[in-house]
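One structure is given here, and the rest of the page talks about it.
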Amino acid sequence: MLGLMIWGVRTSWHTEDDGEFFCPDCGGDRSYHRRTGTRRLTVLSVPLLSRGSAGSVIECSACHRHYDSGALLTPTTTRFSAMLRDAVHTVALAVLTAGGTSGRPARDAAVGAVRAAGFSDCTEDQLLGLLAAIVADEGRYGASQELGHYSFADQPIDGCGSWLSIELHEALEPLSDHLDDLGRERVLLQGAHIALADGPYLPAEREVLEAVGRCLSLNRDDIDRLLAAAATTG
C-alpha cells in the first residue's frame, strides 16, 4: 500500500493558445485554453520521467471541462447569429436579383427580412445599390445592364449566375450544418415570401429558391412541398 502511494503518474498541462468557443456544458460562449499534456512518473509527488503525451484538449475557462478539438467546430452564438444574418441577406439579394426590383412589395419584404435577421439599419437604397453593382458588372455575372429580371437560363451552376451561386454556397452550406430541419426550412421560406410578395414565382425566382434549398441540404421533395405551401398560404 505504501508503494502505491509513493509512485504515481501525473499529467502536466501547457497552454498553447486561447480563444472563445461554445461550451456544451455551460451552454453558452466561453473563453477556452488549448492545452497539451505530458504524463510524468512521480515519486513522492515529484515528477521525474516522461511517460508520453496526454494529447491536446480544449479546456473551458469557466467549468474547466476538457473537450477534443471538434468542440471548436461549433460556432459561438455571436458567430452563429452573424452566419444566419449573412445567409438571409444573401438569399434576399438572390431573390431580388432574379425577380427584379420593380415591385415595392418585394423590396419591402426583402428589407424587412434582412432587418429581422440582424441588419437593423438596412435600407432599401443599400439593397438596390448592391443589386445595381451586381447587374452592372455584365462581364462577370452575365446580367443585363438594366436592374430588371436576371436571367439564369445559360448559367452552369445550380441554375444561378456565377456570383449568386458562389455566394449562396458560401453563406448557406456552412450554416446548414448547424441548423435543424425547421431552421433550414425557415431560411428557404423567407426567400419564398420575398418572391411571392408581388405575385406568383417567376421561373428565375423558382430556380434561385431551389438552389437555396439545395445549399441548405433540403431534398427535392421537401423543397417542392415548402415552396408550394408558401405559395398557397402567401
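- Using modelled atom types, one side-chain atom of Glu205 and one backbone atom of Leu202 make a donor-acceptor pair closer than 3.5 Å.
- Closest heavy-atom contact between Asp198 and Gly103: OD2-CA, 3.9 Å.
- Glu207 contributes atom CD, which lies 14.0 Å from atom OH of Tyr201 (distance to the nearest 0.5 angstrom).
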Inset, instruction - For Leu188 and Leu227, run side chain to side chain contact (heavy atoms under 4.5 Å, CB included): C-alpha distance rounded to whole Å, both residues' side-chain angles, the deciding distance at 0.1 Å, then the answer. - result: CA-CA 8 Å; Leu188 175 60; Leu227 295 183; 4.2 Å; yes
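- At least one donor-acceptor pair under 3.5 Å links the side chain of Asp29 to the backbone N or O of Thr77.
- Counting heavy atoms from C-beta on, the side chains of Leu127 and Leu93 come closer than 4.5 Å.
- When atom types are taken as modelled, the side chain of Arg184 and the backbone of Leu216 share a donor-acceptor pair closer than 3.5 angstrom.
- For His193 (side chain) and Leu189 (main-chain N/O), a donor-acceptor pair under 3.5 Å exists by modelled atom type.
- No donor-acceptor pair under 3.5 Å is formed between the side chain of Tyr32 and the backbone N or O of Phe22.
- The pair Arg79-Glu20 does not meet the salt-bridge criterion, since no charged nitrogen lies less than 4.0 angstrom from a carboxylate oxygen.
- Annotation for Gly191 and Leu209: closest pair C-CD2, 3.5 Å, computed over non-hydrogen atoms.
- For the atom pair CG (Asp181) and CG (Leu218), the distance works out to 7.5 Å, reported to the nearest 0.5 Å.
- Of all non-hydrogen atoms in Val208 and Ala94, the two that sit nearest each other are CG1-CB, 3.7 Å.
- The cluster map of Ile, Leu, Val, Met, Phe, Trp and Tyr, joined by side-chain heavy atoms under 4.5 Å apart, puts Leu175 and Leu72 in different clusters.
- Phe21 and Val57 end up in different hydrophobic clusters when Ile, Leu, Val, Met, Phe, Trp and Tyr side chains are linked at under 4.5 Å.
- Between Glu59 and His66, the side chains place a donor N or O and an acceptor N or O closer than 3.5 Å (distance only, hydrogens not considered).
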>> Could you go through Glu185 and Arg225, starting from their C-alpha distance and side-chain angles, then the distance that decides it, and tell me whether this counts as salt bridge (Lys or Arg N to Asp or Glu O under 4.0 Å)?
In response: CA-CA 10 Å; Glu185 291 178 0; Arg225 172 180 58 82; 3.2 Å; yes
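- Between the side chain of Ser61 and the backbone N or O of Ser31, at least one donor-acceptor pair lies under 3.5 Å.
- The main-chain N or O of Asp86 is found under 3.5 Å from a side-chain atom of Thr90 such that the two form a donor-acceptor pair.
- Using a 4.5 Å heavy-atom cutoff, the side chains of Gln190 and Val91 are not in contact.
- Atom CG of Asp18 and atom CZ of Arg34 lie 10.0 Å apart (nearest 0.5 Å).
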### Task
Would you sort out whether Cys63 and Cys23 count as a side chain to side chain contact (heavy atoms under 4.5 Å, CB included), showing the intermediate values?
CA-CA 9 Å; Cys63 67; Cys23 177; 3.7 Å; yes
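- A salt bridge between Asp224 and Arg206 is present, with a side-chain N of the basic residue lying under 4.0 Å from a carboxylate O of the acidic one.
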Derivation and outcome, side chain to side chain contact (heavy atoms under 4.5 Å, CB included), residues Asp222 and Asn219: CA-CA 5 Å; Asp222 285 338; Asn219 63 51; 3.2 Å; yes
Fill in: side chain to side chain contact (heavy atoms under 4.5 Å, CB included) assessment of Val95 paired with Val212
CA-CA 10 Å; Val95 173; Val212 168; 5.8 Å; no
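- For Glu124 against Asp108, the heavy-atom pair with the smallest separation is OE1-OD1, 3.9 Å.
- In the hydrophobic clustering of ILVMFWY residues, with side-chain heavy atoms under 4.5 Å counting as a link, Tyr67 and Phe80 come out apart.
- Between the NE2 atom of His64 and the CG atom of Asp25 there is a distance of 12.5 Å, given to the nearest 0.5 Å.
- Scanning both residues, Cys60 and Cys26, for their nearest heavy atoms gives SG-SG, 3.9 Å.
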Using atom types as modelled, flag every donor-acceptor pair under 3.5 Å from a side chain in residues 113-123 to any protein atom, sequence neighbours excluded.
from: Arg115; atom 1: NE; to: Cys122; atom 2: O; distance (Å): 2.7
from: Arg115; atom 1: NH2; to: Cys122; atom 2: O; distance (Å): 3.0
from: Thr123; atom 1: OG1; to: Gln126; atom 2: N; distance (Å): 3.2

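- Across all their heavy atoms, Ser176 and Cys215 have their closest contact at CB-O, 4.0 Å.
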